[in-house]
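This report refers to the structure that appears directly beneath it.
FYI, the numbering just counts along the sequence from 1. Values below: every heavy atom of this structure, side chains too, minus hydrogens, waters and symmetry copies. Just follow the structure's listing: the first ligand is 1, and inside any ligand the first atom is 1.
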Amino acid sequence: DDAGRHAAFEARVAADEFIEPKDWMPEAYRKTLIRQISQHAHSEIVGMLPEGNWLTRAPSLRRKAILLAKIQDECGHGLYLYAAAETLGVSRDEMTEALHAGRAKYSTIFNYPTLTWADIGAIGWLVDGAAILNQVPLQRTSYGPYARAMVRICKEESFHQRQGYESMMQLANGTPAQQRMAQDALDRWWWPSLMMFGPPDDNSPNSAQSMRWRIKRDTNDKLRQKFIDVTVPQAQALGLTIPDPDLKWNPARESYDYGAIDWAEFYAVVRGEGPVAKDRIKARIDAWESQSWVREAAMAHEAKRQNKAA
Ligand code: FAQ
């Protein structure tokens, strides 16, 4: 009966077993996973746009090759994640439709513009750095296909973070103009990066249930603090200043205290009011429409192949 299946499900989750696509699961568990995984997939795909903005203007062949590879990795991450969400009974087309119609969310961070080349380094260092901290625990999330997708994604994000930091090192040790550019990028990306972890725990409606179901393995605030603690020494090593006058080591907590995050800005961006939110969705819709011939050609080719086989 339903109560029995429910209890068995809860016991398996509590024992850290993976739940697989054909296993029974509560409808709310399925829904919250579709929500989180599809948002995550959309973030990877929309996340290609700010970086794509600099592809034709990368300062050297080496930097261009690295950036191309990184953007292609993000596309691959989106594909693994869409495939993981599809195992829960939602189609790729439904998810795409929801994104284009403004019904699906994607990370707030990708609604900010990439104004200079240093932003590409800052994204690798800070945005991929934040993404890794959030995603390493997700390798042990309770839904098997999501957890397995995260393993490869984390390996690639780790390379992305390193290349971003290396690029920042070059700028931070460069000419005064390059140093100013690096500092300006840190100034603009620092606070939005902290917002990637989501609202504070006491204002995070999904956290309690997602933690109980072991979809999330750590809370938003805990991961945000961890990110700050690992990133501050990295900024110091670059000789850059984190734009937070209240940032201070707290020996009792063995962590950094930090200043107030502008949550009004966060919620405005979540509502779709980010600086370049409209351009991002327009770019996705334009790509979907102008590339429809590729999908049609692939379908026609497959139909021909099947005819031949028959
Ligand atoms: N942006 O109750 P909670 C990347 C929403 S990394 C937009 O705390 P939850 C790599 C939240 O959905 C970025 N919305 O929610 C890359 C919820 O609304 P809903 C993607 C946000 O789910 C690097 C409401 O606020 N990573 O792409 C945000 O328990 C470079 C209440 O929040 C992931 O998606 C936000 N920042 O915790 C690519 C990681 N924060 O859905 C290219 C997986 C919260 O009820 C270049 N996701 N909201 O309508 C997660 O870990 C979680 O979903 C959280 C949010 C932690 C993001």
- Item | Arg140 to Phe18, cation-pi by 6.0 Å centre distance and 45° axis angle | yes
- Query: Does His160 have a heavy atom less than 4.0 Å from any atom of ligand 1?
  - Reply: no
- Hey, does Tyr267 sit under 4.0 Å from ligand 1 if you only count heavy atoms? no
- Any Ser210 heavy atom less than 4.0 Å to ligand 1: no
- Message: Can you tell me which portion of Asn220 lies within the under-4.0 Å heavy-atom range of ligand 1? Options are side chain, backbone, both, or neither.
- Response: side chain
- Task: For ligand 1, note which part of His77 has a heavy atom under 4.0 Å away: side chain, backbone, both or neither.
- Result: neither
- Polar side-chain atom of Thr231 near backbone of Ile228 as donor-acceptor pair, under 3.5 Å: no
- Query: Is the backbone N or O of Pro200 less than 3.5 Å from a side-chain atom of Ser204, with the two atoms forming a donor-acceptor pair by type?
  - Reply: no
- Give a yes/no verdict on whether any heavy atom in Lys70 is under 4.0 Å from an atom of ligand 1. yes
- Task: Could you tell me whether a side-chain N or O of Gln209 sits under 3.5 Å from a main-chain N or O of Asn206, the two making a donor and an acceptor?
- Result: no
- Item | Contact atoms of ligand 1, heavy-atom distance to Glu157 under 4.0 Å | 10 (C)
- Item | Flag if over 12 foreign heavy atoms under 6.0 Å of CZ, Arg152 | no
- Query: Should Arg212 and Glu10 count as an ion pair when the cut-off is N to O under 4.0 Å?
  - Reply: no
- Are any of the side-chain nitrogens in Lys226 or Asp229 under 4.0 Å away from the carboxylate oxygens of its partner? no
- What atoms of ligand 1 come within less than 4.0 Å of a heavy atom belonging to Tyr106? 1 (N), 7 (C)
- Output all residues satisfying ring-ring contact (aromatic ring centres under 6.0 Å, His included) with Tyr106, sequence neighbours left out; order by chain, then residue number. none
- Would a search of protein heavy atoms around atom 54 (C) of ligand 1 find one under 4.0 Å away? no
- Task: Please identify which atoms of ligand 1 are closer than 4.0 Å to at least one heavy atom of Gly198.
- Result: 40 (N), 44 (C)
- ligand 1 atoms in contact with Gln36 (distance to a heavy atom under 4.0 Å): 43 (C), 47 (N), 50 (C), 51 (O), 52 (C), 53 (O)
- Return a yes/no value for Asn134: is any of its N or O atoms, backbone included, closer than 3.5 angstrom to an N or O of ligand 1? yes
Pair up each side-chain donor or acceptor in residues 258-269 with any protein partner under 3.5 Å, not counting sequence neighbours, and list the distances.
residue: Asp262; atom: OD1; partner: Ala264; partner atom: N; Å: 3.2
residue: Asp262; atom: OD1; partner: Glu265; partner atom: N; Å: 3.1
residue: Glu265; atom: OE2; partner: Tyr112; partner atom: OH; Å: 2.6

- Considering the heavy atoms of Lys216, write down every atom of ligand 1 situated less than 4.0 Å from one of them. 8 (O), 9 (P), 29 (O), 37 (O)
- Item | Atom indices of ligand 1 within 4.0 angstrom of Asp128 heavy atoms, with elements | 23 (C), 30 (C)
- Message: Please work out, at 4.0 Å between heavy atoms, whether the side chain, the backbone, both, or neither of Arg35 comes within that distance of ligand 1.
- Response: side chain
- Is ligand 1 under 4.0 Å from a heavy atom in the side chain of Phe197, in the backbone, in both, or in neither? backbone
